[in-house]
Amino acid sequence: MLDGRYLRMARIWAENSYCQRRKVGALVVKDKMIISDGYNGTPSGFENVCEDENGVTKSYVLHAEANAITKLARSSNNSDGSTLYITASPCIECAKLIIQAGIRRVVYGEVYRLTDGIELLKRAGVEVIQWEV
């Protein structure tokens, strides 16, 4: 099925991340076409170091889904009714972005340590699916 293929592609995309603790990848797909992609990392122009000397993630590191959604804002693509494929379930902040972007489905691999993002998405009527690859 396409869900499994796109999620595997998101896992490959996660390999672009410079983060050491966790590499996360995301793809936004609409009408069977990838319209955006992202991985967790620092903002454009920053050094590609995600953690401090103690191994703690820096506060300004962007999540993969936030990178994919903001990339859409700089393109001519529209995410209304699209599907987000993400290697880890979204946090609550990214869930808010997903809802506001009009993404209607989220397919994720592993569960993030907090599940409030999943709960918010479901409350907003977004279809949420955990897919084991």
> What do you reckon, is CD of Gln130 surrounded by more than 12 foreign heavy atoms closer than 6.0 Å?
Replying inline: yes
> Which pair of non-hydrogen atoms, one from Gly109 and one from Arg11, has the smallest distance, and what is that distance?
Replying inline: CA-NH2, 3.7 Å
>> Restricting to ring pair (Phe, Tyr, Trp, His ring centres under 6.0 Å), what partner residues turn up for Tyr18, sequence neighbours left out?
In response: none
>> So, taking the atom named OG1 in Thr83 and the one named CD1 in Ile34, what distance separates them when rounded to the nearest 0.5 Å?
In response: 12.0 Å
> Restricting to pairs with a member in residues 59-85, which pass salt bridge (charged side-chain N to carboxylate O under 4.0 Å, His left out), not counting sequence neighbours?
Replying inline: Asp37-Lys71
>> Do Tyr39 and Ile103 land in one hydrophobic cluster if side-chain heavy atoms of ILVMFWY residues count as linked below 4.5 Å?
In response: no
> For the residue pair Trp131 and Gly4, what are the closest heavy atoms and their distance?
Replying inline: NE1-CA, 3.3 Å
> Which atom pair, heavy atoms only, marks the closest approach of Val24 to Ala88?
Replying inline: CG1-N, 4.2 Å
>> Once ring-ring contact (aromatic ring centres under 6.0 Å, His included) is applied, what residue pairs with a partner in residues 90-110 remain, sequence neighbours excluded?
In response: none
>> Walk me through whether Asn67 and Asn40 qualify under side chain to side chain contact (heavy atoms under 4.5 Å, CB included).
In response: CA-CA 7 Å; Asn67 264 328; Asn40 57 326; 5.8 Å; no
> What disulfide (SG to SG under 2.5 Å) pairs are there with at least one residue in residues 15-52, not counting sequence neighbours?
Replying inline: Cys19-Cys50
> Say you draw a straight line from CD1 of Ile99 to CG of Leu120; how long is it, rounded to the nearest 0.5 Å?
Replying inline: 4.0 Å
>> Among residues at least two apart in sequence or on other chains, which ones pass disulfide bond (SG atoms under 2.5 Å apart) with Cys91?
In response: none
> With Tyr6, which residues qualify under ring pair (Phe, Tyr, Trp, His ring centres under 6.0 Å), at least two apart?
Replying inline: Tyr85
>> Between Ser89 and Tyr112 (side chain of the first, backbone of the second, donor and acceptor by atom type, cut-off under 3.5 Å), is there such a pair?
In response: yes
>> Taking Val56's backbone N and O only, do any of them form a donor-acceptor pair with Asn54's side chain (distance below 3.5 Å, no angle check)?
In response: no
>> With a 3.5 Å distance limit and no angle check, can you tell me whether Glu51 reaches the backbone of Gln20 through a side-chain donor-acceptor pair?
In response: yes
> Shortest non-hydrogen contact from Val29 to Ser82?
Replying inline: O-CB, 3.3 Å
>> Under the salt bridge (charged side-chain N to carboxylate O under 4.0 Å, His left out) definition, can you give me all pairs with a residue in residues 17-36, not counting sequence neighbours?
In response: Arg22-Glu110
> Do you reckon Leu72 sits in the same ILVMFWY cluster as Trp13, going by side-chain contacts under 4.5 Å, direct or chained?
Replying inline: no
> In Å, rounded to the nearest 0.5 Å, how long is the span from CG of Asn48 to CG of Asn16?
Replying inline: 10.5 Å
>> Is there a continuous path of hydrophobic side-chain contacts, each under 4.5 Å between heavy atoms, that joins Met9 to Val28?
In response: no
> Which value, rounded to the nearest 0.5 Å, describes the distance between Leu84 atom CG and Leu27 atom CG?
Replying inline: 8.0 Å
> Are Arg105 and Asp3 side-chain neighbours, meaning at least one heavy-atom pair lies under 4.5 Å?
Replying inline: yes
> Leu2, Ile86: one ILVMFWY side-chain cluster at the under-4.5 Å cut-off?
Replying inline: no
>> Applying a strict under-4.5 Å side-chain criterion to I, L, V, M, F, W and Y, I'd like to know whether Val126 and Val111 cluster together.
In response: yes
> How far does CD1 of Ile118 sit from CD1 of Ile129, to the nearest 0.5 angstrom?
Replying inline: 12.0 Å
> Which atom pair, heavy atoms only, marks the closest approach of Ala95 to Pro90?
Replying inline: N-CB, 4.3 Å
> Got a sec, which residues hit salt bridge (Lys or Arg N to Asp or Glu O under 4.0 Å) with Glu119, two or more places apart in sequence or on another chain?
Replying inline: none
> Sequence neighbours excluded, which residues qualify as side chain to side chain contact (heavy atoms under 4.5 Å, CB included) partners of Met33?
Replying inline: Ile35
> Any salt bridge (charged side-chain N to carboxylate O under 4.0 Å, His left out) pairs touching residues 88-98, not counting sequence neighbours?
Replying inline: Glu93-Lys96
> For Lys58, which residues count as a salt bridge (Lys or Arg N to Asp or Glu O under 4.0 Å) partner, sequence neighbours excluded?
Replying inline: Glu47
> Sub-3.5 Å donor-acceptor pair from the side chain of Ser36 to the main-chain atoms of Ile69, do we have one?
Replying inline: no
> Where is the tightest heavy-atom contact between Ala68 and Gly38, given as atom of each residue plus distance?
Replying inline: CB-N, 3.9 Å
> With sequence neighbours excluded, what pairs up with Arg104 under the salt bridge (Lys or Arg N to Asp or Glu O under 4.0 Å) test?
Replying inline: none
